[in-house]
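All chains are named by letter (A, B, ...) in the order of the sequence lines, taking the proteins before the strands, and each is independently numbered beginning at 1.
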Amino acid sequence: MHESDLSPADDPGTGKMPTPLPGLPAAGWIAWFSLREMARRKRLVSLGLINLLPVLVVLAVRLWFADRGITAHLQLAGLTHDTFIPFLIPIVAMAVGVSAIGEQIEEGTIVYTWTRPVRRWTIYLGRLLAAQGVAGGLLSLSLVLCFLVMVAGRPGVISWDFLKLYLQTFVIIILGTLTYTALFAAMGTFFKKPVLPALLFAFGWEKLVAGIPARVQELSLQFHLQNLVSRPQSVPEDLPGMLAAILNTAMHREPVPTWQSALVLVLVAAAATVLGVWLLRNKEIEK
Amino acid sequence: MTTGTAAAGPVARITAERVGKWFGEVIAVNNCSLSVGAGVVGLLGANGAGKSTLFKMLAGLIEPSHGQVRVLGARLRDQVGWYRRVGFCPESDALPEWMTGREYLSLMLRLMGFDRAETATRVARWLERFELTAAGDRRLGGYSKGMRQKLKLAQALAHEPEVVFLDEPLNGMDPVSRRAAIDLVRKLGEEGRTVLVSSHILPEVEAMTDRIILIDRGRVLAEGAVAEIRDKIPEHPTTVALVSPAARALAAFLIGHEYVTGVRIEDRQRVVVHTDHAVAFYRALPGWVLENNLQVDEILTLDDNLEAVFQYLTER
C-alpha cells in the first residue's frame, strides 16, 4: 500500500475503489496469529492431560497384559475405535472449536480484524484453520506417544501392516478432528453459549443415533469414523466379546463403503465451514 | 429526529439516513439522520444514549434495522475494501491479552496491506507517538487501562485513514496523555480527515471540537456548532452577566421583569440574570436599556457551553 492510497483528499466518488486483501494471505496471517493465541490457552494443559489417557492405556497393556496376546495392531485399532473416535476427538474438537470464533465475538476482540480490509471468510477460515491445527496437533501428539510406547524396544512390532494401520489411523483421526472442529466452530459462531449445545450434540445426539439400529446410525459422525477403521477380525472367545458380537448383529451395524463414509465426513466439514462463514457474515458485533 | 448537514464539511463522508436499530423490543437508535464532512465532530450523549450503537452501525459492525449508512459512499459491511480508508477505535477494552503491543500493532497493519518494512516503520512511529515504545514488547495483559486506550487509538490511526471513528477514546487516560490525544484529534481534523468522536464527558468534546451531534435515548436531538444549536432553541434557560456601573439600579429594574427568573449582583458591577426565555430576553434588553436610561457596558453569556446545551436538550 502506498501513502497516496490514503490521501485524505480523496472524497467519495473520486477515490478508486479499494480492494480487500487477497484472501489466502490474509487467512494465513489470521491463522498464524490465532494459532499462537490458541496454543497459549490454559485449557490446553487439561486437554493435553486428557490426551495422555490412550498413552497410559497402551503403557498399562504393555506392562501388565503383555502375555495376553493383545498385539500392537489390535491395540491401535481398539484405541482408535473405542477411545479416540467416540471420546477424545469430540472432546478436543469441542474445547477448541466452539471458542475459535465465538470467543472472539463474545469478548469483542473480533472488532479489530472485522475493521480491516479482509473478507469475512478469511477471518473465519483463518480462525478455523488455527483451531483445527491445535486440535489435530494435540491428538496427533497423543497418537505419536502411543506409537512410541508400543514399539519402544520391540522392533519386531514395526511391520508394513502395522505402519499402514498407523498411517490410516492418523488420517482418520485428522479427518475426524477437521470435521468435528468445523462443526463446533459453526456452533460457536451461532450460539452465544455454545458449550451445552455442543455437549448435547457430541454426547447426546452422536451416542443416541449411533446406538439406533439400521441406517439411522449413519446420521452420526462417529459411525462414519468408526466405519473407516479396519479392525482385525478376532473371534470372540470370552462372554463380553460374544455379547458384543451378538449386539452388533442385532443392531445391524453393517458397514457402508469406506469412500461413502469419507465423503460424508468431508461434506459435513465443508458444509459446516460454509455455514459458519455465512453466520459470521451476518453476525452483529455488539461488544 | 434532526436532519441536517450542519456538521458536514464540503463533502459528506459519513451519512446516515433515517437509521434505526432495535434489540428485541428495545430501541437503541431511532430514526437518526446525519451527515459529516471533513473535520472533527463530537457525538455527545449520556451513557446508554445510543452513541455506541450508532457508531457500530456506521462502522459496519451491526446492521441497521432500517435506514442506511454510508462511509465514503460505501456500505462498509459489504464493501470491506473501504476499511483501508477507515479507522475504528471501539469503546470496549478487550484486546488479545497474550500479544505484545508491538505484535498487535504489526498484525493490524499487516492486515491493512502494508509490507513488513513499512509495518515496522509505522509500528515504531506510533508506539513512540503514544509513549509506548518501552512497553511495546510487553504482553497486553499487563497494560494499564490508559496504555490499552493508547494502543487502541494507535491501531485506528496508524494506517492514516481518511475517516476515523473514536468511541470514548479518552477513557482511562492520564491528564497528560489526554491532552496529547485531544491535540492529535484536533490535528487530524485540521489535516482534512473526518473524525467522529463520541463521549459522554462534555469538556472532552468541547476541547476537541465545537461541532457536535447531540444524541439522547436513541434520537439525534441536534446537530451543528454549539452556538448554532443554541440558536435553534427558541426558548431555553440561560445565565447572562450584565456589566454596569449602576448595577444596583439595573438589578432593581430587572427583578420581576418578564423573562427574568432570578437576579443577583456580583463584584458590585456585575448583574447575573437567569432567564428561561433567552431569545426573547436578548431581543427585549436593548429596548429596556434605551427606554429606561439603564447603563450596560458589556453582556456576557455565562453558560454558552456544551454542558448547558446538553443539559437543556436532554432534560427537556
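Between A:Tyr112 and B:Tyr104, a ring centre-to-centre spacing shorter than 6.0 Å is recorded.
More than 12 heavy-atom neighbours from other residues, nucleotides or ligands sit within 6.0 angstrom of CZ on A:Phe203.
Contact of B:Glu103 with chain A is made through backbone and side chain together, with heavy-atom distances under 4.5 Å. Heavy atoms of A:Arg41 lying under 4.5 Å from chain B are absent altogether. Looking at A:Arg119, the atoms closer than 4.5 Å to chain B (heavy atoms on both sides) sit in the backbone and in the side chain alike.
Ranked by heavy-atom pairs shorter than 4.5 Å toward chain B, the options A:Asn282, A:Thr115, A:Thr109 are led by A:Thr115. When the candidates B:Met108, B:Glu91, B:Lys152 are compared by the number of heavy-atom contacts under 4.5 Å with chain A, B:Met108 comes out ahead.
Just one residue in the list B:His159, B:Glu162, B:Glu160 forms a side chain to side chain donor-acceptor pair (under 3.5 Å) with B:Arg85, and that residue is B:Glu162.
Identified under the salt bridge (charged side-chain N to carboxylate O under 4.0 Å, His left out) test for residues 62-71 of chain B, with sequence neighbours left out: B:Glu63-B:Arg75, B:Glu63-B:Arg77.
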Q: Please test A:Arg127 against A:Gln132 for side-chain hydrogen bond (donor to acceptor under 3.5 Å, both in side chains), starting from the C-alpha separation and ending with a verdict.
A: CA-CA 9 Å; A:Arg127 298 286 302 172; A:Gln132 287 172 328; over 6 Å; no
